[in-house]
Amino acid sequence: MIPAARLAAAIDILDQILAGAPAERTLTNWARGARFAGSGDRAAVRDLVFDALRCRGSFAALGGGTGGRALMLGALRAAGTDPAGLFTGLGHAPAELSAAEAVAPVPPADLEALDWPDWLRPRLSADLGTAFAETSALMRARAPVFLRVNVARTDRAAAIATLAAEGIGARPHPLAETALEVTDGARRIAASAAYRDGLVELQDAASQAAVAMVPCAEGAGVLDYCAGGGGKALALAALHPGARITAHDIDAGRMADLPARAARAGARIARAAPGRVQGTFDTVLVDAPCSGSGTWRRTPDAKWRLTAERLDALVALQGEIVATAGRFLRPGGRLVYMTCSLLRAENEDRVADLQTLGWQPETMRRFLPSDGGDGFFVAVLRRDRSA
């Protein structure tokens with residue numbers, strides 16, 4: 001596909017996504033139907049689409065509209081490219097520019113801040129304070145690809161060497177002792193021996209750093225209450241091989257791949273059926289359902305789907321989940337609350353609510369993209385015995 005044809009494909013895909021279609025499914029459907037598109041074409045179109053979703057507000061301002069065509073115009077102008085050379089109407093290229101489209105709008109001074117939903121922008125600005133501008137800029141770019149070294153089977157140096165032998169470049173990342181940042185060959189990871197043999201797993205560096213903060217003594221019982229696919233349970237099992245780890249999720253389907261992943265990693269993880277957790281634990285980890293705002297570089301379409309009403313519902317759900325999960329703690333045990341959110345309403349405000357119920361934070365940290373990984377939050381709390 002020539003570059004102009006890739007633009008035309010991205011415009012069509014974006015229009016479907018903007019009309020409400022899921023981004024991943026729309027891209028998959030396009031790739032299946034576009035038999036003429038090679039792997040390089042599919043990757044290029046995907047990048048155009050995801051870049052436009054990350055920068056939807058600023059690209060719309062530069063493109064003079066909110067549809068797929070305007071977003072591609074804005075993307076070209078943001079890159080310093082004259083769109084007239086690609087919007088020619090020839091072959092599979094997008095139609096020629098209209099007289100109005102040919103006039104580039106004057107970009108506003110706060111261009112990067114436009115890439116948050118209008119209703120959320122002032123809230124995030126207040127929550128992030130002086131970090132708002134830097135965070136806004138970083139969230140417009142693709143997120144790095146990170147691997148977690150399975151320290152139960154190898155170390156970072158050996159993992160780097162194994163990956164390099166298969167054409168995958170990686171380097172240590174300072175956010176976590178298990179973290180590697182992939183510098184080259186990311187698309188080879190899933191087929192690599194290092195991944196297949198359980199030496200590495202895909203996991204964000206901030207998520208790894210948060211897991212490292214989970215208190216876990218030798219032989220302790222740990223419940224990962226909202227386990228999802230089990231990434232954090234696997235990370236805990238590698239860091240604390242003597243711990244007894246149980247994974248639970250209200251949707252058992254999310255954990256369907258966990259036995260195979262655990263076998264590959266050499267980890268022992270029990271699974272509890274939805275709503276069927278038995279016994280009590282020394283540590284209960286709640287990686288709560290949230291806005292996912294810290295991960296919007298990876299799932300930018302989710303940024304534009306979030307509403308104030310949905311956020312309020314998530315905050316209420318977080319409170320309900322923590323109240324339920326806390327019942328499985330042994331006296332003196334620790335509750336670990338996590339989200340992949342940048343918002344105080346889902347993070348510090350939730351901890352403040354827990355304090356009114358007798359929970360005292362021992363450790364609390366917010367990770368921002370400027371730390372190198374996704375936006376993330378973790379708090380370790382212990383119940384006041386007098387409460």
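Leu90 pairs by the side chain to side chain contact (heavy atoms under 4.5 Å, CB included) definition with Thr88, not counting sequence neighbours. Considering only residues two or more places apart in sequence or on other chains, Asp257 meets the side chain to side chain contact (heavy atoms under 4.5 Å, CB included) condition with Arg261.
Evaluation of the salt bridge (charged side-chain N to carboxylate O under 4.0 Å, His left out) test over residues 145-172, restricted to residues two or more places apart or in two chains, returns Arg171-Glu181.
Taken from CG in Leu53 to CD1 in Ile17, the straight-line distance is 5.0 Å, to the nearest 0.5 Å. Atom CG of residue Leu7 and atom CG of residue Asp12 lie 13.0 Å apart, to the nearest 0.5 angstrom. The CD atom of Gln318 sits 4.5 Å away from atom CD of Glu346, with the distance rounded to the nearest 0.5 Å.
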Taking only distance into account, with no hydrogens and no angle test, what donor-acceptor pairs under 3.5 Å do side-chain atoms of residues 79-87 form with protein atoms, sequence neighbours excluded?
from	atom 1	to	atom 2	distance (Å)
Asp82	OD1	Ala84	N	3.1

List the atom pairs, donor and acceptor, that lie under 3.5 Å between side-chain atoms in residues 68-78 and the rest of the protein, sequence neighbours left out.
from	atom 1	to	atom 2	distance (Å)
Arg69	NE	Glu101	OE1	3.4
Arg69	NE	Glu101	OE2	2.8
Arg69	NH1	Ala95	O	3.2
Arg69	NH2	Ala95	O	2.9
Arg69	NH2	Glu96	O	2.9
Arg69	NH2	Glu101	OE1	2.9
Arg77	NH1	Leu62	O	3.0
Arg77	NH2	Glu101	O	2.5

Show me the donor-acceptor pairs within less than 3.5 Å that the side chains of residues 273-280 make with the rest of the protein, sequence neighbours left out.
from	atom 1	to	atom 2	distance (Å)
Thr280	OG1	Arg330	NE	3.4

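Residues Asn347 and Thr339 bring a donor and an acceptor atom of their side chains to less than 3.5 Å of each other. Checking Gln208 against Asp204 by side-chain atom types alone, no donor-acceptor pair falls below 3.5 Å.
More than 12 heavy atoms of other residues, nucleotides or ligands shown are found within 6.0 angstrom of CZ on Arg365. In this structure, Glu177 places its CD atom where only 12 or fewer heavy-atom neighbours from other residues, nucleotides or ligands lie under 6.0 Å away.
Clustering ILVMFWY residues whenever any of their side-chain heavy atoms sit less than 4.5 angstrom apart, transitively, puts Leu236 in a cluster other than the one holding Phe377.
Using a 30° and 60° split on the angle between ring planes, Trp296 and Trp116 fall in the tilted class, from 30° to 60°.
With Asp115 as the partner, the salt bridge (charged side-chain N to carboxylate O under 4.0 Å, His left out) test is satisfied by one option alone out of Arg56, Arg140, Lys303: Arg140.
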